[in-house]
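One structure is given below, encoded as structure tokens.
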Protein chains: 6
Amino acid sequence: MAFFDLPLDELRRYQPAVSEPPDFDAFWAATLEQAERYALDARFEAVDFGLRTVKTYDVTFNGYGGQPIKGWLMLPANAAQPLPLVVEYVGYGGGRGFPTEWLLWSSAGYAHLVMDTRGQGSVWRQGDTPDVAEGSSPHSPGFMTLGVLSPETYYYRRVFVDAVRAVQAGRSFPLVDAKRVAVTGGSQGGGISLAVAGLMPEVRVCMPDVPYLCHYQRAIEITPSGPYQEIAQFCQVHRQRTEQVFKTLAYFDNVFFATRIRARCLFSVALMDEICPPSTIFAAYNRITAPKEMRIYTYNHHEGGGAHHDIEKIRFLDAALADH
Amino acid sequence: MAFFDLPLDELRRYQPAVSEPPDFDAFWAATLEQAERYALDARFEAVDFGLRTVKTYDVTFNGYGGQPIKGWLMLPANAAQPLPLVVEYVGYGGGRGFPTEWLLWSSAGYAHLVMDTRGQGSVWRQGDTPDVAEGSSPHSPGFMTLGVLSPETYYYRRVFVDAVRAVQAGRSFPLVDAKRVAVTGGSQGGGISLAVAGLMPEVRVCMPDVPYLCHYQRAIEITPSGPYQEIAQFCQVHRQRTEQVFKTLAYFDNVFFATRIRARCLFSVALMDEICPPSTIFAAYNRITAPKEMRIYTYNHHEGGGAHHDIEKIRFLDAALADH
Amino acid sequence: MAFFDLPLDELRRYQPAVSEPPDFDAFWAATLEQAERYALDARFEAVDFGLRTVKTYDVTFNGYGGQPIKGWLMLPANAAQPLPLVVEYVGYGGGRGFPTEWLLWSSAGYAHLVMDTRGQGSVWRQGDTPDVAEGSSPHSPGFMTLGVLSPETYYYRRVFVDAVRAVQAGRSFPLVDAKRVAVTGGSQGGGISLAVAGLMPEVRVCMPDVPYLCHYQRAIEITPSGPYQEIAQFCQVHRQRTEQVFKTLAYFDNVFFATRIRARCLFSVALMDEICPPSTIFAAYNRITAPKEMRIYTYNHHEGGGAHHDIEKIRFLDAALADH
Amino acid sequence: MAFFDLPLDELRRYQPAVSEPPDFDAFWAATLEQAERYALDARFEAVDFGLRTVKTYDVTFNGYGGQPIKGWLMLPANAAQPLPLVVEYVGYGGGRGFPTEWLLWSSAGYAHLVMDTRGQGSVWRQGDTPDVAEGSSPHSPGFMTLGVLSPETYYYRRVFVDAVRAVQAGRSFPLVDAKRVAVTGGSQGGGISLAVAGLMPEVRVCMPDVPYLCHYQRAIEITPSGPYQEIAQFCQVHRQRTEQVFKTLAYFDNVFFATRIRARCLFSVALMDEICPPSTIFAAYNRITAPKEMRIYTYNHHEGGGAHHDIEKIRFLDAALADH
Amino acid sequence: MAFFDLPLDELRRYQPAVSEPPDFDAFWAATLEQAERYALDARFEAVDFGLRTVKTYDVTFNGYGGQPIKGWLMLPANAAQPLPLVVEYVGYGGGRGFPTEWLLWSSAGYAHLVMDTRGQGSVWRQGDTPDVAEGSSPHSPGFMTLGVLSPETYYYRRVFVDAVRAVQAGRSFPLVDAKRVAVTGGSQGGGISLAVAGLMPEVRVCMPDVPYLCHYQRAIEITPSGPYQEIAQFCQVHRQRTEQVFKTLAYFDNVFFATRIRARCLFSVALMDEICPPSTIFAAYNRITAPKEMRIYTYNHHEGGGAHHDIEKIRFLDAALADH
Amino acid sequence: MAFFDLPLDELRRYQPAVSEPPDFDAFWAATLEQAERYALDARFEAVDFGLRTVKTYDVTFNGYGGQPIKGWLMLPANAAQPLPLVVEYVGYGGGRGFPTEWLLWSSAGYAHLVMDTRGQGSVWRQGDTPDVAEGSSPHSPGFMTLGVLSPETYYYRRVFVDAVRAVQAGRSFPLVDAKRVAVTGGSQGGGISLAVAGLMPEVRVCMPDVPYLCHYQRAIEITPSGPYQEIAQFCQVHRQRTEQVFKTLAYFDNVFFATRIRARCLFSVALMDEICPPSTIFAAYNRITAPKEMRIYTYNHHEGGGAHHDIEKIRFLDAALADH
């Protein structure tokens with residue numbers, strides 16, 4: 001079927017029973033505290049890829065476990081005073097690529113930091129950051145089940161810490177106004193944005209597009225497509241560890257980060273999206289108590305709102321950060 | 001097979017026997033002359049999509065048959081004197097979309113005109129320009145066989161005329177240096193670039209990526225993928241009109257435009273490209289007598305060189321137009 | 001799933017809320033009136049394809065905008081007095097082909113006119129009639145979105161006018177009994193039959209097989225297969241024009257023609273049909289107030305009843321037109 | 001969808017209305033009585049495939065119509081006194097293969113007879129037993145519609161008789177304890193196990209894995225995958241014989257054998273199994289009144305419980321036959 | 001690749017080394033002699049499917065082993081004197097269907113007998129004739145490996161005998177001129193036509209379209225598509241019987257029947273046909289010494305020449321049998 | 001094409017130009033020396049999975065970097081004196097699973113050690129051994145590009161060391177005859193077997209089935225299927241690192257291990273194998289100077305010789321180790 005998920009009116013009020021780990025906040029507090037033991041040490045090296053209207057820096061900062069994480073920082077070439085900051089996270093399988101691929105936000109007048117996703121960046125857009133796993137277990141090809149048998153070793157623990165520190169790195173740049181910070185990204189990038197907004201109350205705006213990493217269990221049960229299926233594949237082989245897998249994932253599920261978000265939110269969702277099914281996105285969205293808007297792309301698949309939505313986002317962000 | 005075309009050493013010297021229509025130049029001279037009967041009337045309306053570092057104009061000019069063709073013109077916001085111009089054509093099925101999708105060349109300091117492709121722009125990137133056919137015949141879904149029973153009515157006759165006039169439109173803009181013009185594009189956009197360079201000796205640089213519209217007959221016979229197959233489909237149904245089809249296509253084949261090109265050329269080709277097979281591209285490339293370079297992406301498919309190649313192109317163009 | 005649509009008992013009573021354009025009748029009255037300004041000028045040229053038991057004519061008449069439309073007229077070779085007429089329309093992508101492909105109805109003793117579908121006939125069965133668009137807009141490959149931004153320019157406006165005039169052309173032939181006319185066709189041909197029966201009260205019998213062009217919006221939302229998806233594709237790209245698209249389609253939806261039909265109807269439907277989902281067909285069927293029968297093929301896909309149903313149709317038509 | 005069948009709680013209580021043929025028992029009594037007219041004549045020829053810990057016999061016995069059926073009998077090499085017997089049936093398309101492929105049950109201390117499935121064994125594991133059809137009709141490729149127009153000529157009548165006689169053959173071997181017999185198999189092998197358990201009250205244990213041949217009609221209507229679709233294909237072509245087909249299948253449907261089973265049962269089911277949908281398995285399971293257990297593999301497809309479940313089965317069987 | 005077989009110039013002279021069984025003629029002589037022991041007993045029962053211009057008979061005759069084979073005989077309704085006869089065989093998986101599906105040759109003035117293919121007719125067009133196998137062995141789904149371990153038991157031995165007797169049946173009909181007989185058919189029907197022409201020197205014309213059953217071994221090795229792969233599948237499982245399989249197939253390979261044909265031949269071939277690769281067809285064609293013509297459809301797949309070629313065939317047959 | 005690689009006669013003499021790293025032996029000597037710094041510490045814990053004829057031990061030994069590697073050791077239950085040892089490696093994506101899946105060699109009278117492959121075992125057969133990477137870089141999903149930018153960090157460096165030490169672990173078991181050791185495995189397991197035989201001259205027999213990890217570059221260029229494509233994918237994204245990738249792979253290519261093998265070899269190859277193309281296997285096989293045999297499975301894909309070949313291997317091994 002083209003529409004394979006709930007009808008729109010049910011999506012709007014979809015509130016599935018989910019069971020938050022009692023130590024969810026404790027887990028993340030400990031995780032972030034442990035991360036703080038490593039100095040951030042954000043470095044910004046000016047680079048020249050032939051661009052004239054924007055100025056580009058090759059960024060390195062210490063992420064999870066003090067491991068170096070790469071990124072790009074881009075600003076209007078003529079910026080003279082602190083600019084609001086957009087931190088962007090990348091979709092699954094992609095990396096930071098080259099600055100020529102990230103011209104939108106700096107062209108729109110923002111400081112823009114793109115974070116490389118550790119280990120990724122060899123499926124479609126090039127990445128430059130290794131992932132150094134701590135403890136591990138067999139896993140399905142991909143990152144979704146890397147260390148999944150325990151929250152401490154799960155891959156996204158490292159990623160979410162990196163992502164929080166990417167915001168810190170961006171805020172440390174002289175030409176950035178640390179009080180006006182937005183996070184954004186599509187798919188996995190949207191999922192990371194939500195987690196960061198849940199972990200950092202100082203984030204002012206959160207703009208996730210067709211976000212991933214929401215309500216994993218339903219996703220696996222409703223769609224045979226996309227990287228959620230890496231988890232299904234793991235459970236198919238490790239049949240006796242299914243419960244353990246979902247116990248771990250609960251610490252990384254945006255249905256739980258959602259209730260902690262204080263940022264103004266602009267979501268996008270596509271009703272025919274078989275990669276990030278709409279009900280998994282509404283499951284997170286419907287739990288957000290901060291000001292929020294949802295743009296619905298009725299006949300789209302995982303491409304979501306595309307350039308139409310980019311323009312929406314610029315308008316939304318201009319308005320949201322105007323009142324600084 | 002992963003490599004399905006000729007080995008690289010054979011590609012480099014591939015010179016298939018092709019039969020140029022004796023009135024090729026006459027056909028195009030008449031076509032362009034007829035086009036000139038309509039005033040170009042290029043209009044540039046400033047538009048605001050939230051971009052700050054570049055200035056954007058919604059372009060309309062009169063293309064084939066005097067029909068209005070849309071485009072975007074983008075320049076660095078602070079441009080004070082005439083800039084070299086890059087005219088870009090779009091890949092098959094796409095349209096001009098939004099300015100936010102076209103930030104590369106203006107950010108690199110060029111005036112950049114993107115031409116909408118008539119009729120297209122409803123498969124992946126939005127288009128805004130209708131195609132008004134003159135005379136016609138049944139056709140396969142798509143544009144490849146639209147009017148294919150005669151060179152006069154063939155779809156690409158209208159497109160190539162539009163493309164020539166897009167260059168004229170760009171050159172008419174005050175902040176453009178009409179002596180420094182490059183054409184570029186990927187796939188169909190690369191194919192159109194080659195044709196324009198063949199038709200306009202004043203074009204200084206031509207940078208086609210994995211270009212389409214080269215050596216149609218071999219393409220149809222070597223690959224079952226991509227839009228070349230629309231032609232095969234037409235021939236499968238209209239079995240008795242095969243010869244007539246190829247007679248028309250000869251007027252639009254870049255193996256013939258190639259010998260007429262005076263511009264400095266930078267090609268890209270991907271050796272696993274099943275959409276635009278490498279031998280079809282070398283068939284055109286090997287006939288060019290102007291200065292030329294070819295970037296070979298060994299393990300890539302139709303995505304070609306991606307952002308890696310964009311950076312190559314900026315370097316190439318900066319160097320090629322430096323000596324103005 | 002094999003059954004992907006509503007259960008049969010729900011199909012039988014399926015009455016979706018649909019919103020008829022208030023000027024539906026006015027639009028069609030104006031359209032047909034405008035068509036009448038062009039003389040029909042039906043021409044019948046005897047042709048010889050080696051057939052002995054039937055006599056064949058190559059038909060040309062002036063359809064929409066006075067444009068020439070092709071067809072075949074076939075009758076039993078020994079016909080001596082006026083015969084009842086079957087006008088047949090072709091499925092999507094096909095054309096009139098050759099008389100050897102259309103032997104059924106003349107062999108069964110009827111005059112049989114097959115109308116070529118403008119522009120089509122290059123996907124599976126050869127067509128010979130161009131489509132001359134009036135005004136246009138970008139469109140997805142295929143015909144479903146050709147001119148879809150306005151009812152006046154939509155492709156099927158031209159097709160339905162052609163189809164009405166095909167009946168007029170057939171009735172003008174000396175050996176045809178103009179009072180006994182049936183329309184039929186499969187898939188798109190069935191959809192056109194329904195529209196013609198809705199526009200021409202003088203049509204006595206309507207036999208649509210697995211008809212297309214019924215309840216477009218549900219079709220797009222329930223099936224990812226078949227040409228309905230051209231509309232979805234258009235809406236995916238032109239995200240902001242979705243409402244406008246469906247506003248246009250309402251004038252061409254058989255759920256609205258259905259209530260106007262006066263002919264005796266024989267439908268066929270296949271419960272596993274992913275091209276023309278059963279609910280879209282029942283949505284039209286259930287609104288018909290004329291005498292009607294539905295043949296249900298439980299385990300069939302879009303092939304429907306095949307030759308089994310052809311025999312049903314001969315029986316039905318013999319009976320329906322016996323009482324002239 | 002990944003989950004395409006009923007939710008688990010509905011599966012657990014799924015009791016579809018089914019209509020048992022009034023002469024179901026009479027049909028099978030007559031069938032088995034007729035089979036008894038042929039001497040079983042089980043022959044056991046010792047063979048050497050290089051195995052040392054198990055002893056292997058090439059088995060031949062007279063099955064349906066006295067036709068010779070092949071199998072393997074394997075026992076621990078040092079067996080000194082009668083062992084409990086496991087009779088195993090093979091999945092669709094496979095045959096008995098080689099003894100090296102069947103080491104599990106003899107290594108676990110059981111006598112193990114594997115029955116070749118007549119006619120099959122040319123799709124994945126080699127078979128050696130022809131099927132001699134009695135009377136026939138056209139059929140779809142495969143065995144599912146072989147002789148399906150009448151219960152007397154249906155392929156599985158012959159198979160089920162063979163399967164009953166395989167148990168008799170195994171029990172006739174000197175080192176087998178005829179009072180401790182289990183039947184098992186995966187997919188088709190599980191379906192045959194259920195039928196045998198329904199026909200032979202003396203079978204003590206029945207362990208069907210993801211069994212096939214349950215509730216055919218729902219299977220055909222809910223899944224487009226797997227060999228059930230051979231029946232759909234037959235009905236698609238022989239549209240007028242659909243009712244007759246299902247009338248035949250009723251005599252071979254495990255929803256009816258289920259109520260007759262006296263053996264202790266261990267089922268497995270996989271909730272994403274598109275070959276043997278879970279509801280068809282629960283339809284049989286829920287009607288069993290003997291002691292029974294179901295192992296549910298939530299995220300598995302037709303591979304079901306794999307080696308995890310083999311270990312479950314050894315444990316279950318050890319326990320079930322311990323109390324002899 | 002779109003062209004996956006030899007280039008056309010190599011196809012035209014393709015003469016692979018093949019090894020004819022020394023007793024090829026003896027085998028077929030014995031087979032036909034044995035067949036003659038059963039009376040043909042052709043019965044013709046007039047039937048009414050609503051057709052008026054042609055008269056239809058339901059045909060039954062005794063084929064291989066005296067088993068009843070079905071067919072249709074159709075003639076122009078007004079035929080008054082003996083007509084030339086076209087015997088047609090059906091493509092793989094199809095059956096005789098209904099007379100309404102076979103109007104071409106009778107409408108063209110011929111007597112036309114369509115033979116049902118034993119066992120087939122449940123994949124696309126309905127069949128009514130069972131296959132009664134004599135001896136057998138396990139086989140892959142389908143008919144290609146049924147009894148393939150010996151020429152005596154191979155399925156096509158029965159089919160080719162049926163086919164010879166279908167010609168005899170047709171010739172026995174009063175309104176048939178037994179001296180003017182043609183055989184034809186597409187794919188499997190073409191393959192059978194060639195075998196019949198090889199076995200019956202009295203056949204005057206042979207018109208195989210994209211014929212199957214030619215040079216099996218190359219077919220299996222060059223294409224992964226279509227029913228030839230049933231043989232590959234069998235050999236994949238029965239790895240040790242590969243040589244035996246090809247030894248059997250040699251008796252049924254049209255490369256050997258080809259040299260025995262005396263009929264005037266019209267072949268068709270499609271250069272992109274992955275079901276019946278062109279080299280396998282040329283392998284047979286190039287060995288024919290009788291008058292022959294080949295129609296080449298360059299860009300077609302297994303659909304071959306379609307209706308275009310039907311018209312060619314009518315012309316060819318009219319000419320070939322004109323000089324009786 | 002079904003046959004997509006070189007013809008068999010060319011395969012038999014295929015000797016591609018390959019360029020061995022000058023420090024190949026030095027690299028491996030240093031690697032093994034470094035490995036020796038960690039004690040092997042092989043532990044054998046008896047486990048009970050219900051098997052009676054074989055005795056099973058859960059094995060743990062210290063592999064690369066001293067990291068614990070899992071395995072199973074299985075022997076005939078009644079073994080009284082040292083047995084020859086078969087060490088088996090697993091195919092890509094699988095793990096050691098359960099002892100019930102590995103009954104062949106112990107049932108055939110051998111001691112049998114199955115090594116778990118680090119990190120793998122979550123795609124089809126369960127694994128229990130994590131991979132602890134040392135240094136890393138972004139990688140494509142899967143293991144083929146894990147650490148591929150340097151021989152020191154490449155994943156298979158760790159695996160090959162584990163594999164050598166698995167042999168050492170097996171030889172340390174009391175009931176194993178350390179002088180009679182064979183290595184075997186299918187696909188990746190075959191590739192590892194070759195590397196181990198190349199690294200350990202004391203290995204007496206090497207039986208790789210359809211081995212992987214041979215002549216990577218040709219594999220990538222000739223087949224689009226299977227895990228070799230992970231490398232292509234990496235090169236597609238990291239376009240500038242292609243040379244570096246192949247420089248690393250050279251240290252892990254069995255075309256170089258082949259010349260160092262002293263063991264008696266039994267290979268299998270399947271001519272239609274698109275995962276491990278036959279030419280890549282012959283490229284290694286043809287360079288072996290030790291006694292060797294090749295079994296060719298003509299019509300098989302990656303399933304190779306299956307159970308037929310298992311029986312060949314038992315015979316071969318019995319004979320090869322008889323002369324101890």
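In what follows, chains are A, B, ... by sequence order, proteins preceding strands, each numbered from 1. Please read all numbers here as calculations on a predicted model, not as lab measurements.
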If you compare all heavy atoms of E:Tyr299 against all heavy atoms of B:Ala232, which two are closest, and at what distance to 0.1 Å? CB-O, 4.3 Å
Considering non-hydrogen atoms only, spot the tightest contact between B:Pro224 and E:Ala2 and give its length. CD-N, 4.0 Å
Can any side-chain N or O of B:Arg239 pair as donor or acceptor with the backbone N or O of E:Asn300 at less than 3.5 Å? no
Give, for atom CD of B:Gln240 and atom NE2 of E:His308, the distance between the pair rounded to the nearest 0.5 Å. 3.5 Å
In terms of heavy-atom proximity below 4.5 Å to chain E, should B:Ile231 be classed as side chain, backbone, both, or neither? neither
Crowding at NZ, B:Lys247 (>12 non-hydrogen neighbours, <6.0 Å): no
Any chance you could measure E:Phe3, atom CZ, to B:Thr223, atom OG1, to the nearest 0.5 Å? 12.5 Å
Give a yes or no on whether B:Glu243 atom CD has more than 12 heavy-atom contacts from other residues, nucleotides or ligands under 6.0 Å away. no
